[in-house]
Amino acid sequence: STTLRPIRTLDLGLTNIAVRLFFSPDSHLLVASDTSGRVGVWDLRGQRRLTNFVAHAGTAGVLGWSFQEKGNSLLTWGSDAIGKEWDVGTWREKSHWPLTTNASKISTAWSSISTNGLLAFKIGGESTMEIYPDSDKTNRREWPCPLWTSGVAFSPDGRTLAGACEDGSLTLWDSQT
């Protein structure tokens, strides 16, 4: 059997338990967050830490994220029920918006971003889901969904949104209507 061997241990300056990580679309950046809401970014080509900052303060910190605009922006959402867009060149906040109209603090959120610029959020403990275009976060559509929805995903073409439920069922919605 083959054993994977570590090639490097990175210091991203995280102060608590690292809980989420992912690569940029071009695989040049590695982004990680910890339970305090701190985000660290590592430049894989330059082999150095680019930045380390608090994106969302709170006990759950950053709950999710995604790169947008071909990797030029990073979207984050956190336990503060706020979504934020960060400029990847400067790592400064470009904009922020409330994730939902129903909560000021959240502990769980499921989200998906489509290839055609739609954002979908389901907040734990709520029986509604919201969808809105990345270009206009005030243009929201909200509809009922099962309270126990525990995951969401867009189809590759962005036309269908799927919701997974804790009872094992799946629900599909047409994201265009």
Side-chain angles (χ1 to χ4, degrees), residues 17-35 37 39 41 55-56 58-88 93-177:
I17 300 167
V19 291
R20 290 174 180 77
L21 68 149
F22 69 103
F23 290 93
S24 62
D26 62 8
S27 298
H28 294 159
L29 302 177
L30 177 64
V31 180
S33 70
D34 66 17
T35 55
V39 170
V41 181
H56 299 273
T59 56
V62 178
L63 298 174
W65 52 32
S66 177
F67 278 98
Q68 288 294 99
E69 299 178 23
K70 299 181 183 175
N72 295 323
S73 290
L74 176 70
L75 302 181
T76 63
W77 41 94
S79 59
D80 55 5
I82 300 292
K84 295 182 180 182
E85 181 177 7
W86 306 90
D87 182 293
V88 171
E93 183 181 320
K94 291 170 66 173
S95 65
H96 64 273
W97 66 96
L99 286 182
T100 176
T101 56
N102 300 327
S104 61
K105 293 284 182 193
I106 56 177
S107 60
T108 55
W110 297 274
S111 57
S112 185
I113 300 176
S114 73
T115 56
N116 57 352
L118 293 175
L119 303 170
F121 287 95
K122 164 63 171 83
I123 307 301
E126 293 185 11
S127 57
T128 59
M129 191 173 316
E130 293 188 30
I131 187 172
Y132 44 88
D134 178 43
S135 60
D136 181 8
K137 295 168 187 74
T138 61
N139 184 15
R140 297 170 181 250
R141 289 181 285 152
E142 183 178 305
W143 68 94
C145 68
L147 178 63
W148 53 86
T149 300
S150 57
V152 296
F154 276 105
S155 62
D157 65 5
R159 298 185 63 80
T160 304
L161 180 64
C165 293
E166 292 175 7
D167 67 358
S169 66
L170 299 174
T171 304
L172 301 178
W173 295 276
D174 180 344
S175 68
Q176 308 301 305
T177 59

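Numbers for residues simply follow the sequence, beginning at 1.
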So do [Y] and [X] actually touch side chain to side chain, heavy atoms under 4.5 Å?
| X | Y | result |
| --- | --- | --- |
| Phe154 | Arg159 | no |
| Val31 | Val39 | yes |
| Pro98 | Arg140 | yes |

- Message: Going by ring pair (Phe, Tyr, Trp, His ring centres under 6.0 Å), name the residues that satisfy it together with Phe23, two or more places apart in sequence or in a different chain.
- Response: none

- Message: I'd like to know if the side chain of Lys84 and the backbone of Ala55 have a donor-acceptor N/O pair within less than 3.5 Å.
- Response: yes

- Is a side-chain donor or acceptor of Ser33 paired with a backbone partner of Gly37 at a separation under 3.5 angstrom? no

For [X], enumerate each residue passing the side chain to side chain donor-acceptor pair (under 3.5 Å) test, keeping only those at least two apart in sequence or located in another chain.
| X | result |
| --- | --- |
| Thr171 | none |
| Ser155 | Asp157 |
| Ser175 | none |

- Task: Can you spot which of Leu30, Leu74, Leu29 makes a side-chain contact (heavy atoms from CB on, under 4.5 Å) with Val41?
- Result: Leu29

- Message: Nearest 0.5 angstrom please: Ser27 OG to Phe22 CZ, how far?
- Response: 12.0 Å

- Separation between CG (Asp87) and CG (Asn72), nearest 0.5 Å, reads 8.0 Å

- Item | With Arg141 via side-chain contact (heavy atoms from CB on, under 4.5 Å) - residues at least two apart | Ile131

- Note on the structure: Ala164 meets the side-chain contact (heavy atoms from CB on, under 4.5 Å) criterion, sequence neighbours left out, with Leu170

- Do Lys94 and Ser73 have side-chain N/O donor and acceptor atoms under 3.5 Å apart? yes

- Task: Check the side chains of Thr76 and Trp86 for a donor-acceptor pair under 3.5 angstrom, ignoring hydrogens and angles.
- Result: yes

- Considering non-hydrogen atoms only, spot the tightest contact between Glu85 and Trp97 and give its length. N-CZ3, 3.8 Å

